[in-house]
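Given the structure is predicted, the values throughout are model-derived calculations rather than measurements. Each chain gets a letter, A, B and so on, in the order the sequences are listed, and its residues count up from 1.
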Amino acid sequence: MQFKSMVLSNLEVSPGYFRMRMTAPPAVIGATPGQFVMVRINDSIDPLLRRPFGIFDLGTFDTEFTDCGRQSYLEILFRVVGKGTAMLSRFHRGDHLDILAPLGKGFIPGDPSGEKILVGGGIGLAPLYFLAKELVKSGKVRLFAGGRSKEDILCITEFERLGVETYVATDDGTLGENGLVTEVMERRLEGRSGDRTIFACGPHPMLRAVATIAQRLQVPCQVSMEAYMACGVGACLGCVMKGCNHTESTPDYRCVCKDGPVFDSLELQWD
Amino acid sequence: MNRPDLSVELAGIRLRNPVMTASGTFGYGREFADYLDLSAIGAFITKGLSLRPKAGNPTPRIVETTGGMLNAIGLQNVGIDAFVAEKLPFLRTVDTPAIVNLYGNTLDEYGELAERLDRLPEVAGIEVNISCPNVKQGGIVFGTDPAAAREVVDLVRKSTIKPLIVKLSPNVTDVVVMARACADAGADALSLINTLTGMAIDLDRRRPVLANVTGGLSGPAIKPVALRMVWQVAKAVQLPIIGIGGIMTGRDALEFMLAGATAVQVGTANFLDPSAAGRIAREMEQYLTEHGVDDVKELIGALRA
Ligand SMILES: Cc1cc2nc3c(=O)[nH]c(=O)nc-3n(C[C@H](O)[C@H](O)[C@H](O)COP(=O)(O)OP(=O)(O)OC[C@H]3O[C@@H](n4cnc5c(N)ncnc54)[C@H](O)[C@@H]3O)c2cc1C
Ligand SMILES: Cc1cc2nc3c(=O)[nH]c(=O)nc-3n(C[C@H](O)[C@H](O)[C@H](O)COP(=O)(O)O)c2cc1C
Ligand code: FES
């Protein structure tokens with residue numbers, strides 16, 4: 001759905017990372033973790049296209065401003081990387097945005113009794129928080145969070161407050177283990193069995209590594225992908241990725257915006 | 001006061017208003033049904049269709065540029081069989097004309113596609129995209145060679161009795177020459193412009209941004225070029241014209257009509273605002289009301305120049 005949203009807060013949670021809360025219509029509360037929003041940053045043509053962001057959190061709070069006394073909100077967690085996100089970082093309470101949400105297909109929680117393993121790289125933690133909130137309701141959740149430096153490990157205390165067991169790795173060793181988060185995860189998974197599912201979001205090389213490990217250990221794995229997007233609704237075919245059956249003569253392209261952004265890792269070609 | 005009349009007729013297709021959506025920016029209509037009442041627009045054009053499914057280009061396929069965007073989708077589409085099986089049923093459910101945009105990799109493919117579409121009652125008209133290479137003749141683009149364009153249009157004309165719109169490429173020295181060739185070969189209407197070839201470079205990586213290196217520029221950045229071409233063609237050719245290029249507002253659309261367009265297509269704007277086409281039609285109506293114009297047809301070619 002398309003709606004006008006009002007910014008409620010926009011906080012810099014770590015240098016260059018912002019957590020923005022904004023109003024949303026009640027129907028958006030039905031979104032599933034892993035789904036995303038497309039934000040139109042202003043009414044002019046600069047930036048021209050909407051920018052996609054995962055849903056970090058959503059909920060309702062008490063207010064006297066609506067008929068039913070509850071106001072729904074959604075939150076995004078974003079990193080300033082270019083023009084659009086820089087503009088977004090300067091939004092204040094009371095500013096307005098035009099939003100399309102919820103979009104795409106989210107994570108499938110799977111068997112509630114199994115162990116849930118979340119793997120996030122940098123800003124890839126964003127959609128995993130909303131997912132963790134749902135998953136802790138039914139069972140054990142472990143989070144493997146990786147980043148370049150300690151500034152890139154976001155909102156870890158929020159995850160811990162949910163009761164998630166967290167493991168951290170940084171490239172420079174400023175927080176947690178020194179090294180790649182995928183290596184830490186692999187060590188933790190190795191030699192153990194049981195019903196487990198991996199949920200991952202982060203940079204492409206990290207996701208490829210996670211998919212490879214998952215396949216080797218035969219653990220079901222869902223990955224949330226990123227791509228340049230224009231429409232967000234499956235119309236422009238700008239955001240596609242190769243599906244597992246893809247060949248030149250029998251194309252199997254999947255739209256990240258419509259068929260994803262969450263895919264079973266076996267559905268994709270990882271070249 | 002009476003509401004202004006926004007209806008126009010185009011190549012025998014009656015449009016409730018002059019706003020259509022451009023091929024490749026509106027999927028098969030259904031993708032936008034949650035955001036836009038399809039009965040609020042004049043017509044919609046479906047994604048470029050080919051005989052066989054087409055994989056399209058490697059990614060990245062799109063990038064934003066100043067005031068516009070580049071795309072190198074590579075005409076990815078499901079092919080006619082899947083189109084008939086999966087996309088056609090939806091077209092039956094809307095009371096807005098659906099025009100099918102098609103292209104071929106060879107001359108024969110254009111003819112065969114047109115013949116097959118001719119039999120489908122859901123298809124209100126055909127828009128022929130000639131901005132693609134002829135793989136049988138060293139990749140020369142049909143739409144940049146008047147003789148090749150004439151051949152394509154002539155063959156499609158013989159293959160269908162449906163309203164025939166030819167979509168012109170702006171990547172030519174003289175668009176009027178191309179327009180005349182298509183008119184002579186039996187087109188009922190001309191739509192222009194398709195995207196302008198461009199490129200974007202990532203300075204730090206010293207690489208082109210798009211995997212295909214070059215792509216088609218669309219959006220507000222191309223509007224002045226599109227207006228100029230519509231104006232030139234309208235003066236030279238008697239056929240009705242559909243103006244396309246960077247239309248974001250009702251005012252933009254009306255400028256194209258002044259330049260000589262009977263109708264317009266909205267493309268990139270659908271991405272920023274999935275309800276854009278409906279809003280643009282409303283803005284046109286509002287402008288006419290405010291300026292005491294009873295009938296939008298009064299503005300077609302009414303430029304004082
Ligand atoms: C489904 C999805 C969910 C996302 N969720 C989040 C999120 O929760 N938090 C967050 O911070 N970011 C997220 N992103 C990435 C975010 O959309 C881009 O960082 C943003 O669009 C950059 O905009 P910009 O104008 O600041 O940068 P630009 O000036 O446009 O570009 C700057 C750089 O950003 C990169 N970039 C631009 N657009 C995209 C894009 N669509 N996807 C990936 N990289 C891009 C380019 O590589 C470029 O080098 C998500 C992307 C997708 C596809
Ligand atoms: C992502 C994208 C895909 C397109 N695909 C097609 C296509 O399949 N066939 C075609 O004739 N034109 C295609 N076009 C061109 C548009 O129909 C239109 O002519 C062009 O974008 C200019 O209009 P605009 O500035 O309003 O977008 C495409 C444009 C874009 C941006
Ligand atoms: S962003 Fe347009 S199809 Fe996915």
Side-chain angles (χ1 to χ4, degrees), chain A residues 1-4 27 38-52 82-85 97-104 204 225-243 245-259 268-269 271, chain B residues 21-36 44 46-48 52-79 209-211 215 218-221 223 246 248-249 267-276:
Chain A
M1 103 187 60
Q2 183 175 14
F3 57 90
K4 281 265 178 281
M38 287 286 264
V39 178
R40 183 152 183 212
I41 292 167
N42 62 35
D43 293 339
S44 83
I45 54 164
D46 187 25
L48 184 72
L49 299 172
R50 287 172 187 267
R51 299 293 193 257
K83 183 164 37 179
T85 44
L97 290 165
D98 184 279
I99 310 276
L100 303 183
L103 299 172
H204 195 87
M225 307 303 294
E226 276 193 12
Y228 283 89
M229 290 186 176
C231 71
V233 299
C236 73
L237 306 180
C239 67
V240 299
M241 290 195 108
K242 285 179 191 154
N245 302 318
H246 181 87
T247 65
E248 247 331 278
S249 54
T250 56
D252 172 25
Y253 272 121
R254 316 281 173 99
C255 280
V256 172
C257 70
K258 191 96 189 174
D259 306 319
L268 300 174
Q269 232 175 60
D271 54 16
Chain B
T21 51
S23 178
T25 67
F26 206 66
Y28 299 91
R30 184 192 232 155
E31 291 84 346
F32 284 81
D34 287 348
Y35 303 99
L36 170 71
F44 60 99
T46 53
K47 173 71 191 166
R52 273 170 288 281
K54 180 79 185 291
N57 288 327
T59 57
R61 292 176 166 186
I62 47 177
V63 62
E64 183 168 323
T65 58
T66 310
M69 63 178 280
L70 288 166
N71 89 80
I73 307 300
L75 294 167
Q76 177 185 341
N77 79 97
V78 296
V209 177
L210 297 176
S218 64
K223 193 183 113 187
M248 297 279 136
T249 64
T268 302
N270 298 313
F271 301 155
L272 345 182
D273 176 8
S275 50

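For a residue to count as touching a neighbouring chain, one of its non-hydrogen atoms must lie under 4.5 Å from one of that chain's; by this rule A/M229 touches chain B with the backbone only. Using a 4.5 Å cut-off between heavy atoms, A/M1 contacts chain B through its backbone alone, with no side-chain atom that close. For B/F32, the part lying under 4.5 angstrom from a heavy atom of chain A is the side chain only. There is no contact between B/T66 and chain A, counting heavy-atom distances below 4.5 Å.
The greatest number of non-hydrogen atom pairs below 4.5 Å with chain B, out of A/I45, A/D46, A/V240, is found for A/V240. Ranked by heavy-atom pairs shorter than 4.5 Å toward chain A, the options B/G27, B/A55, B/P58 are led by B/A55. Among B/R52, B/Q76, B/M248, B/K47, the residue making the largest number of heavy-atom pairs under 4.5 Å with chain A is B/Q76.
Counting only heavy atoms from C-beta outward, the side chains of B/L272 and A/R40 approach each other to under 4.5 Å. Between B/N71 and A/C236 the shortest side-chain heavy-atom distance does not fall below 4.5 Å.
A distance of 6.5 Å separates OG1 in B/T59 from OH in A/Y253, rounded to the nearest 0.5 Å. If you take CG on B/N57 and CG on A/L237, they are separated by 11.5 Å, rounding to the nearest 0.5 Å. In this structure, A/Q2 CD and B/D34 CG are separated by 11.0 Å, a value rounded to the nearest 0.5 Å.
Closest heavy-atom contact between B/F26 and A/A235: C-CB, 4.1 Å. Shown here for B/F271 and A/C231, the closest heavy-atom pair between the two residues is CD2-CB, 3.5 Å. The heavy-atom pair separating B/M69 from A/L48 by the smallest distance is N-CD2, 4.2 Å. Contact record, B/P274 with A/L100: CG-CD2, 3.6 Å, taken as the closest heavy-atom pair.
Contacts classified as salt bridge (charged side-chain N to carboxylate O under 4.0 Å, His left out) and involving residues 57-79 of chain B (residues at least two apart or in different chains) are given here: A/R51-B/E64.
Partners of B/K54 under the salt bridge (charged side-chain N to carboxylate O under 4.0 Å, His left out) rule, at least two apart in sequence or in another chain, do not exist in this structure.
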